*Asks:* 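First, the structure itself, so that you have it in front of you.
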Protein chains: 2
Amino acid sequence: MTEPERLRADAVRNRTAILRATEELLTRYHPQQISMEQIAAAAGVGKGTVFHRFGSRYGLMRALMQERAQDLESAITAGPPPLGQGAPPRVRLLAFLTAVVDLVARNKGLLAALGPAAPVTTAPVTTASASVTTVPEQEPREAHPVYKSWHGHISQLVYQQRQDLDADMLAHVLLATLHSEPILNALQRGDGNRLDRTLRDLVTGLLPE
Amino acid sequence: MTEPERLRADAVRNRTAILRATEELLTRYHPQQISMEQIAAAAGVGKGTVFHRFGSRYGLMRALMQERAQDLESAITAGPPPLGQGAPPRVRLLAFLTAVVDLVARNKGLLAALGPAAPVTTAPVTTASASVTTVPEQEPREAHPVYKSWHGHISQLVYQQRQDLDADMLAHVLLATLHSEPILNALQRGDGNRLDRTLRDLVTGLLPE
DNA sequence: ACGCTACTGGACCGGCGGTCCAGTTGTCGA
DNA sequence: TCGACAACTGGACCGCCGGTCCAGTAGCGT
């Protein structure tokens with residue numbers, strides 16, 4: 001998926017140092033509390049290095065997210081059932097949801113750190129007696145790769161079992177769970193099993209055996 | 001609920017001007033694109049006035065949210081069925097979800113603007129060779145009043161019909177829907193009925209007649 | 001009409017995300 | 001082994017933003 005992209009030895013060292021420092025900070029603080037300067041300091045590098053490697057705050061979070069999601073990704077596409085191919089869709093979906101809840105629980109702040117969407121450019125200033133010139137409008141922001149992948153997987157499994165449902169929307173609803181602050185708080189308190197059971201109840205209500 | 005809190009005439013005028021300007025900007029730009037200075041300029045007041053009235057960005061968004069949620073609130077507590085008391089819980093829940101989806105669809109960026117949670121204080125800077133002194137840790141942030149109200153309403157209705165479910169968690173899951181960027185994008189495209197139908201499917205799967 | 005006081009608004013502050021570029025250091029061909 | 005070039009580094013710097021401050025202003029009670 002990602003090409004090797006030869007990096008210099010020190011670049012590789014600093015890259016991993018930054019990633020490790022970031023996740024260490026994420027376990028202790030809310031994402032909005034963490035500045036790029038803090039990350040750089042904690043990793044023992046300069047701020048310029050962080051931006052040179054990851055481009056932006058969003059890029060850093062995305063890279064970390066992808067790293068964490070890699071195992072699950074390969075388990076789905078190439079692993080054994082019930083996560084991998086072979087089990088009935090309903091079972092695969094339940095297994096996948098359990099795995100995702102677990103992944104998110106172990107990486108508390110990460111989802112909240114980037115939201116499901118890409119970054120944004122700022123809007124122009126307009127005074128009260130405004131000109132009525134061309135309106136820049138907001139365009140929908142694109143979801144990050146991991147979200148897209150998860151959404152595609154869920155909606156596909158749902159569709160295989162129930163063509164009469166709105167699989168696309170249902171997948172969004174199920175994933176929305178993982179971006180809710182109260183739920184992330186619950187996960188941090190160790191209530192992952194409660195969330196897992198609730199999602200299972202919801203899914204089994206729709207996809208009976 | 002809110003005491004009258006006598007305000008001077010110009011204060012009232014500016015208060016509403018700020019609220020109107022804010023919601024006007026919210027319909028056109030993503031919340032993160034809007035600065036407090038822009039809001040002040042669009043309302044034709046100084047930045048100090050905005051902060052004097054609302055305290056902070058979060059306070060402004062919360063006030064706007066409460067204003068918008070007021071009608072629904074009174075419809076639930078004092079209005080006729082199916083929103084108000086009198087209908088069976090299952091019917092009331094479905095009616096409530098429809099109403100909330102409609103409310104959010106008509107106030108696109110507002111939910112995203114505050115998230116379900118209160119603001120946050122920033123973390124200290126720590127160098128790589130860090131001291132291992134007292135850890136400030138992140139504490140869970142409290143949800144805003146409207147979220148609390150909605151969550152309480154939903155979980156209560158669920159509990160009335162199914163004591164065996166985790167009504168608390170289920171209510172969080174259902175509400176999480178409204179904080180998801182992809183779903184908010186869908187609402188903006190006019191897909192409110194799709195979301196409504198999906199939520200109905202989920203709920204009817206759990207709460208059969 | 002007058003004075004008290006709440007309100008106003010723009011200058012100001014600390015800090016943040018992101019840029020820049022001069023200096024440094026791995027890497028690789030000869 | 002060594003030189004030179006490109007990639008990497010990091011800290012100074014920039015523009016902007018949320019929030020504060022306070023001198024000036026203007027509603028409101030008397």
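Because the structure is a prediction, the values reported are computed rather than measured. Every chain is numbered from 1, with letters handed out A, B, ... down the list of sequences. As a basis for the values below, the full set of heavy atoms in this structure was taken, side chains included, without hydrogen atoms, waters or symmetry mates.
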*Asks:* Can you tell me how far P of dG15(C) sits from CD of Q32(A), to the nearest Å?
*Replies:*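 These atoms are roughly 18 Å apart.
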*Asks:* Write down the distance between CD (E37(B)) and P (dC16(D)), rounded to a whole number of angstrom.
*Replies:*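 That distance rounds to 10 Å.
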*Asks:* Can you check the Q33(B) CD to dC17(D) P distance for me, whole Å?
*Replies:*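 My rounded result for the distance is 12 Å.
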*Asks:* Round to a whole Å and report the spacing from CZ of R57(A) to P of dG15(C).
*Replies:*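 One finds 17 Å between P of dG15(C) and CZ of R57(A), rounded.
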*Asks:* For G48(A) and M36(A), take the nucleotide of DNA chain C holding the closest heavy atom to each; which residue's nucleotide lies nearer the 5' end?
*Replies:*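 The answer here is M36(A).
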*Asks:* Of D201(B), T198(B), N193(B), which meets side chain to side chain contact (heavy atoms under 4.5 Å, CB included) against D166(A)?
*Replies:*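 Exactly one option meets the side chain to side chain contact (heavy atoms under 4.5 Å, CB included) with D166(A), and it is T198(B).
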*Asks:* F51(A) has an atom CZ; how far is it from atom C1' of dG11(D), in whole Å?
*Replies:*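 Rounded to the whole Å, the gap is 13 Å.
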*Asks:* Can you give one letter per nucleotide of nucleotides 24-30 of chain C, 5' to 3': B if a protein heavy atom sits under 4.0 Å from the base, S if only from the sugar-phosphate, - if neither?
*Replies:* -BSSS--
*Asks:* dC8(D) phosphate, OP1 or OP2: any side-chain N/O from T49(A) under 4.0 angstrom?
*Replies:*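 Checking dC8(D) against T49(A), no side-chain N or O comes under 4.0 Å of OP1 or OP2.
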*Asks:* State which residues pass salt bridge (charged side-chain N to carboxylate O under 4.0 Å, His left out) with R68(A); sequence neighbours excluded, sorted by chain then number.
*Replies:*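 With neighbours one apart ignored, the set is E23(A).
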*Asks:* Report yes if a side-chain nitrogen or oxygen of N14(B) is closer than 4.0 Å to either non-bridging phosphate oxygen (OP1 or OP2) of dC7(C); otherwise report no.
*Replies:*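 So the side-chain polar atoms of N14(B) never come under 4.0 Å of the phosphate oxygens OP1 or OP2 of dC7(C).
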*Asks:* Of all residues at least two apart in sequence or in a different chain, which pass the side-chain hydrogen bond (donor to acceptor under 3.5 Å, both in side chains) check with E67(B)?
*Replies:*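 Once residues adjacent in sequence are excluded, the partners of E67(B) under the side-chain hydrogen bond (donor to acceptor under 3.5 Å, both in side chains) criterion are R20(B).
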*Asks:* Does dC8(D) have its OP1 or OP2 closer than 4.0 Å to a side-chain nitrogen or oxygen of H52(A)?
*Replies:*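 It does, given that an N or O in the side chain of H52(A) lies less than 4.0 Å from OP1 or OP2 of dC8(D).
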*Asks:* Do we see a donor-acceptor contact under 3.5 Å between the side chains of S155(B) and D168(B)?
*Replies:*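 Per modelled atom types, S155(B) and D168(B) side chains form no pair under 3.5 Å.
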*Asks:* Could you check how far CD1 of I18(B) sits from C1' of dG9(C), rounded to whole Å?
*Replies:*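 Rounded to whole Å, this separation is 11 Å.
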*Asks:* As a test of reading the structure: which of dG18(D), dT19(C), dG19(D) is closest to the side chain of S35(B), going by heavy atoms?
*Replies:*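 Selected nucleotide: dG18(D).
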*Asks:* Name all residues meeting the side-chain hydrogen bond (donor to acceptor under 3.5 Å, both in side chains) criterion together with R162(B); count only those two or more places apart in sequence or in a different chain, and write none if there are none.
*Replies:*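 Partners of R162(B) under the side-chain hydrogen bond (donor to acceptor under 3.5 Å, both in side chains) test: D164(B).
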*Asks:* Let me know the distance between CD1 of I39(B) and C1' of dG18(D), rounded to the nearest Å.
*Replies:*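 Between C1' of dG18(D) and CD1 of I39(B): 11 Å.
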*Asks:* Can you name the residues that form a side-chain hydrogen bond (donor to acceptor under 3.5 Å, both in side chains) with T49(A), not counting sequence neighbours?
*Replies:*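 Scan of T49(A) (side-chain hydrogen bond (donor to acceptor under 3.5 Å, both in side chains), adjacent residues dropped) gives none.
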*Asks:* Without decimals, in angstroms, what is the distance between R53(A) CZ and dC8(D) C1'?
*Replies:*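 Atom-to-atom, R53(A) to dC8(D), this comes out as 8 Å.
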*Asks:* Who passes side-chain contact (heavy atoms from CB on, under 4.5 Å) against Q160(A), sequence neighbours left out?
*Replies:*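 For Q160(A) the side-chain contact (heavy atoms from CB on, under 4.5 Å) partners, ignoring immediate neighbours, are P89(A), Q156(A), L157(A).
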